[in-house]
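Input: a single structure, listed below in structure tokens.
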Amino acid sequence: MNPLLWTMDGHAAVAQALTDSVGAAAAEVVRHRFPDGERYLRVETPVQDRDVILLCNLDHANEKFLELLLAAETFRDLGARRIGLVAPYLGYMRQDIRFHPGEGITSRYFAAMLSRHFDWLVTVDPHLHRYHALSEIYRIPARAVHAAPAVIDFLRGRDDLFLLGPDAESEQWVSEIGRGAALPWAVATKVRHGDRQVSLNLPDLDAFRDKQPLLVDDVISSGGTLRKAIGMLREQGFAQPACLCVHALLAEDAEEKLVDAGAAELISANTLVHGSNRIDVAPAVAAAVQEMLK
Ligand code: R5P
């Protein structure tokens with residue numbers, strides 16, 4: 001029987017790609033929030049022996065996580081064969097080491113909790129910094145789809161650009177995209193001083209004077225990193241930089257602040273729904289889900 005899909009956290013493009021590629025049928029789920037905030041779920045579609053796909057982005061994970069686990073348990077209790085999670089954006093990846101005594105390595109605990117409730121996971125470019133693969137923390141088959149091929153297609157022929165990654169972590173994306181799209185690239189170094197404060201050191205960019213900078217990062221959260229880069233590039237007399245990210249988290253008023261800082265344009269992949277979505281990763285996500293269901 002074809003798999004059931006419940007789109008918990010609306011993502012029309014990915015849901016449509018899953019419907020088209022794996023023939024997923026939408027599960028009918030009645031969802032209710034009690035006055036005290038507790039959740040009620042009732043699945044109205046037969047579940048017995050069917051594969052179930054829960055589509056739920058894990059930005060603002062604190063608000064979504066409990067309902068997600070309750071949903072997984074409900075589907076399992078109703079007889080689902082296997083339950084997979086499609087989270088184009090996977091949260092809780094930043095704390096991948098005990099930076100200070102007493103801290104929890106929350107990426108590990110988060111992964112362990114998801115691994116207890118799901119049979120597989122598909123996500124897009126999780127923030128793998130000190131971990132090299134999701135398998136270091138996830139105990140279930142976990143596939144990280146790469147946005148780079150879609151970004152490369154999007155940028156092909158843009159010879160007017162040079163790519164700048166703001167920090168060492170971004171090198172994995174910037175280098176792959178630069179090579180694939182035949183664009184020059186460079187990487188800055190970053191020191192983080194707080195949630196919203198960073199300092200950057202730009203490399204020598206003289207060779208790119210005649211080109212527009214395109215800042216490339218996996219995530220824009222507060223926008224502090226790219227704001228700092230934009231300011232420094234403008235001080236050096238470069239044209240207004242454009243910004244490209246995989247995950248447009250854009251917390252608080254990050255987008256407005258980027259524009260105020262002088263961003264020419266904001267471009268993102270459609271892992272998180274945002275007005276800047278120009279790069280479609282839904283087909284790649286659907287292809288990875290197809291593999292998982294085999
Ligand atoms: C960190 O290493 C990431 O790659 C991003 O650079 C970071 O998450 C961006 O955060 P923010 O927009 O808050 O500076």
Side-chain angles (χ1 to χ4, degrees), residues 57-62 87-100 103 105-108 110 123-134 136-137 144-148 151 163-178 185-203 213-234 241-269 271-272 274-277 279 281:
N57 259 322
L58 285 171
D59 58 316
H60 302 102
N62 294 357
Y89 176 76
L90 181 65
Y92 273 99
M93 289 296 289
R94 56 156 69 86
Q95 192 76 18
D96 55 4
I97 193 174
R98 200 183 314 282
F99 295 98
H100 304 286
E103 287 177 355
I105 307 172
T106 47
S107 54
R108 274 190 188 284
F110 190 74
T123 185
V124 180
D125 284 333
H127 189 75
L128 292 172
H129 179 204
R130 289 172 191 85
Y131 304 126
H132 297 104
L134 286 172
E136 288 176 40
I137 50 173
V145 170
H146 295 297
V151 176
L163 313 182
L164 180 64
D167 51 27
E169 291 106 294
S170 67
E171 181 160 3
Q172 53 186 303
W173 290 282
V174 181
S175 58
E176 188 179 348
I177 294 165
W185 55 273
V187 176
T189 50
K190 175 169 93 179
V191 178
R192 186 170 280 288
H193 304 289
D195 288 344
R196 294 168 187 77
Q197 284 86 37
V198 299
S199 52
L200 295 185
N201 219 327
L202 297 188
L214 175 65
L215 291 161
V216 178
D217 210 350
D218 59 337
V219 177
I220 304 178
S221 180
S222 71
T225 300
L226 294 198
R227 270 204 321 275
K228 176 57 93 179
I230 292 169
M232 294 176 78
L233 287 164
R234 297 295 281 156
C243 302
L244 185 150
C245 64
V246 178
H247 307 293
L249 265 181
L250 296 166
E252 300 157 353
D253 49 359
E255 185 179 9
E256 207 180 316
K257 286 187 177 157
L258 281 172
V259 173
D260 288 349
E265 191 188 358
L266 180 58
I267 300 157
S268 62
T271 54
L272 292 162
H274 186 260
S276 58
N277 291 166
I279 297 161
V281 293

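Atoms within a ligand are numbered from 1 in the order they appear, just like the ligands themselves.
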Donor-acceptor under 3.5 Å (Gln172 side chain, Glu169 main chain): yes
Residues that Arg130 engages under salt bridge (charged side-chain N to carboxylate O under 4.0 Å, His left out), provided they are two or more places apart: Asp96
Short side-chain to backbone donor-acceptor contact, Ser221 and Leu249, under 3.5 Å: no
Residue pair His127 / Asp218, side-chain donor-acceptor N/O under 3.5 Å: yes
Distance dump, ligand 1 polar atoms to protein, N/O, under 3.5 Å:
| from | atom 1 | to | atom 2 | distance (Å) |
| --- | --- | --- | --- | --- |
| ligand 1 | 2 (O) | Glu169 | OE2 | 2.7 |
| ligand 1 | 4 (O) | Asp217 | OD1 | 3.1 |
| ligand 1 | 4 (O) | Asp218 | OD1 | 2.6 |
| ligand 1 | 6 (O) | Asp167 | OD2 | 3.3 |
| ligand 1 | 6 (O) | Lys190 | NZ | 3.1 |
| ligand 1 | 6 (O) | Asp217 | OD2 | 2.5 |
| ligand 1 | 10 (O) | Arg192 | NH2 | 3.4 |
| ligand 1 | 12 (O) | Ser221 | N | 2.8 |
| ligand 1 | 12 (O) | Ser222 | N | 3.2 |
| ligand 1 | 12 (O) | Gly223 | N | 2.8 |
| ligand 1 | 13 (O) | Ser222 | N | 2.8 |
| ligand 1 | 13 (O) | Ser222 | OG | 2.6 |
| ligand 1 | 14 (O) | Arg192 | NH2 | 3.2 |
| ligand 1 | 14 (O) | Thr225 | N | 2.9 |
| ligand 1 | 14 (O) | Thr225 | OG1 | 2.5 |

Residue pair Glu176 / His146, side-chain donor-acceptor N/O under 3.5 Å: no
Ser107 side chain vs Arg94 backbone, donor-acceptor pair below 3.5 Å: no
